[in-house]
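What you see is a predicted model; the values in this text were computed from it and never measured. When a ligand or atom number is given, it counts from 1 through the structure's own listing order. Note that the numbering runs from 1 along the sequence shown for the chain.
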Amino acid sequence: MSITPIGEPRHKVTVATLREKKLHGEPVTCLTAYDYATGRLVDEASIDIILVGDSLAQTMLGYENTLTVTLEEMLHHTRAVRRGVKHALLVADMPFGSFQVTADDALRNATRFVKEGGAEAVKMEGGKKRVDLIRRVIDAEIPVAGHIGLTPQSVHLMGGYKVQGKTLTAIEQLMQDAVALDRAGVACLYLEGIPREVAAMITAEVATPTIGIGAGPECDGQVLVFHDIMNLTFGVPAKFVRRYGDAAELIRNAVTAFRSDVLSHRYPSDDESYHLAKDTREALETVLARKQGVRP
Ligand code: KIV
C-alpha cells in the first residue's frame, strides 16, 4: 500500500483500511475535529481517521474536563463534522455516562451516533470491564474504537491526569485490557499517556491497530488534538504535543487589524460596498433634491 500524496484523489477509509495499514506497516493518521470547517480541512489533508473527541468539552465549550459534555452536545458536533468529511473514517467519542451504566444504554446511544450523527464508529474509554458492552455494540454492527491508559473520563479515579502503566502490575493490567479489547474485535485501540516501551509491547501483541497519543513512536498510528497542534488551547501543553501552526496568533492579528480598520474608517472601502444602478441613483438624487427644494 502506498501513501496517498496530499491533494491526490483518495479512497474511502474504512475499518478494513486500518487493519491493512497495520499489516503493511503504514502509519495511521488521526486528528480530532469538532465542526464543519475543521472536519473538511482535516479530511482534505488526507488524514485517515477524524475523531469527534469528547476533548471538545474543553477545546470548544470551555468546560474544565470531559465529564460534563452531554450526549446531545456530542451529537451536535458530530453532525457538523459529518457534513465536512468525505473520505476519512468518522469516529465519535461516547461521552461520560452514555455507556458506562448499562449495555442497553451503550447500544442505544452508540446507535444514535450512527443514525443521527453519521458516525462510522464510536469510541469508548476503558478496558476489560467494558468488554461485554463493547461486544454488544459490535454485535449490533457498530464498529468500536477502544481507549486505554490515561483515560480522561477516569480523572477522579486516577487522581489527576497521570501517565499510566508505570509499574509491573499496571503494565500487566494494561496488557490484559488490550488483549481483551483486541479479542472483542475493536476497530482500533487508542493508547493514551503510557510509557513508550509499554505501548510498543501492546502494539506487537494485538492485531488491532494501536493509535497513540503520548504513547511513543512504535504505535501503529498517532492522534493529536486539532486545537493542540494549532495553538488554540490556553494552558501549558502536554509533553507530547507538537505545534504545527499558530492559529491563536493569526486570529489575534486578524481581529486586531479589523478593529483598527473600523476605528480609523479604513473598513469598508468603496470597493467593499454595494452600489445603486446609475438610473436608480439619479432618480434618487432627483427625489432628494425636490425634497430640499433644489432643482437638480
Ligand atoms: O477526546 C479526545 O480528543 C480523545 C483523543 C485524545 C484520543 O479521546
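With no hydrogens or angles considered, no side-chain donor-acceptor pair links T210 and Y190 at under 3.5 Å.
Listed by chain and residue number, R196 satisfy the salt bridge (charged side-chain N to carboxylate O under 4.0 Å, His left out) test with E218 (two or more places apart in sequence, or in another chain).
Residues I211 and D220 form no side-chain contact, since every pair of their non-hydrogen atoms from C-beta on lies 4.5 Å or further apart.
Within 4.0 Å of ligand 1, heavy atoms belong to protein residues T32, L51, G53, D54, S55, D93, K123, H147, Y190, I213, V225.
Under a 3.5 Å cut-off, the side chain of D93 and the backbone N or O of G53 do not form any donor-acceptor pair.
Around CZ of R243, the count of heavy atoms belonging to other residues, nucleotides or ligands within 6.0 Å exceeds 12.
Of the residues listed (K21, K22, K12), the one engaging D48 in a salt bridge (Lys or Arg N to Asp or Glu O under 4.0 Å) is K21, and it is the only one.
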